[in-house]
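Please read the structure below before turning to the comments.
The shown structure was predicted, so the numbers you read here are calculated from the model rather than taken from an experiment.
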Amino acid sequence: MALIVGATTFDRLFAGVQFDEVDGNILFVYAKDEDTAANIEDEFALHISIIASKILEREINVVVVLPRQRVS
């Protein structure tokens with residue numbers, strides 16, 4: 001991803017991102033907050049699905065990016 005988005009954008013958006021689980025063809029990703037999650041999903045979900053499909057050797061058609069839940 002860093003090669004696609006550049007170092008500055010990668011550090012801003014993907015620092016602390018957790019690629020959590022796959023359910024069928026859906027990859028769940030957790031970002032640090034709502035704005036970051038929305039930005040990643042809107043701008044980079046397709047790229048993530050292509051890369052994840054190659055890494056996991058299975059089809060990932062949907063990437064859902066959610067904000068990480070804060071624990072009180």
Original post:
Would Asn61 and Ile26 count as a side chain to side chain contact (heavy atoms under 4.5 Å, CB included) if you check the C-alpha gap in whole Å, the side-chain angles of each, and the deciding distance to 0.1 Å?
Top reply: CA-CA 6 Å; Asn61 295 322; Ile26 302 170; over 6 Å; no

Subject >> Working for side chain to side chain contact (heavy atoms under 4.5 Å, CB included), residues Ile48 and Phe14 >> reply: CA-CA 11 Å; Ile48 293 169; Phe14 289 92; 4.0 Å; yes

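With hydrophobic clusters built from ILVMFWY side chains whose heavy atoms lie under 4.5 angstrom apart, Val63 does not share a cluster with Tyr30. Under a hydrophobic-cluster definition in which Ile, Leu, Val, Met, Phe, Trp and Tyr are linked whenever side-chain heavy atoms come within less than 4.5 Å, directly or via other members, Leu27 and Val5 are assigned to the same cluster. No path of Ile, Leu, Val, Met, Phe, Trp and Tyr side chains, each step under 4.5 Å between heavy atoms, connects Ile55 with Phe28, placing them in separate hydrophobic clusters. Residues Val29 and Val22 share a single hydrophobic cluster, defined by chaining ILVMFWY side chains whose heavy atoms lie under 4.5 Å apart. No continuous path of hydrophobic side-chain contacts links Val62 to Met1 [ILVMFWY only; heavy atoms under 4.5 Å].
Remark: the Asn39 side chain and the Thr36 side chain contain no N/O donor-acceptor pair separated by less than 3.5 Å.
Across Leu13 and Ile40, no two heavy atoms sit closer than the pair O-CD1, 3.4 Å. When every heavy atom of Ile60 is checked against every heavy atom of Ser53, the shortest pair comes out as N-OG, 2.9 Å. Closest approach of Ala37 and Pro67 over heavy atoms only: CB-N, 3.8 Å.
Between the side chain of Ser49 and the backbone N or O of Leu46 there is at least one donor-acceptor pair closer than 3.5 Å. Under a 3.5 Å cut-off, the side chain of Arg68 and the backbone N or O of Glu34 do not form any donor-acceptor pair.
Looking at heavy atoms from C-beta onward, Phe10 lies out of side-chain contact with Val17 at the 4.5 angstrom threshold.
Put simply, NE2 on His47 and CD1 on Ile4 are 5.0 Å apart, with the number rounded to the nearest 0.5 Å.
Within a 6.0 Å sphere centred on CD of Gln18, heavy atoms belonging to other residues, nucleotides or ligands number more than 12.
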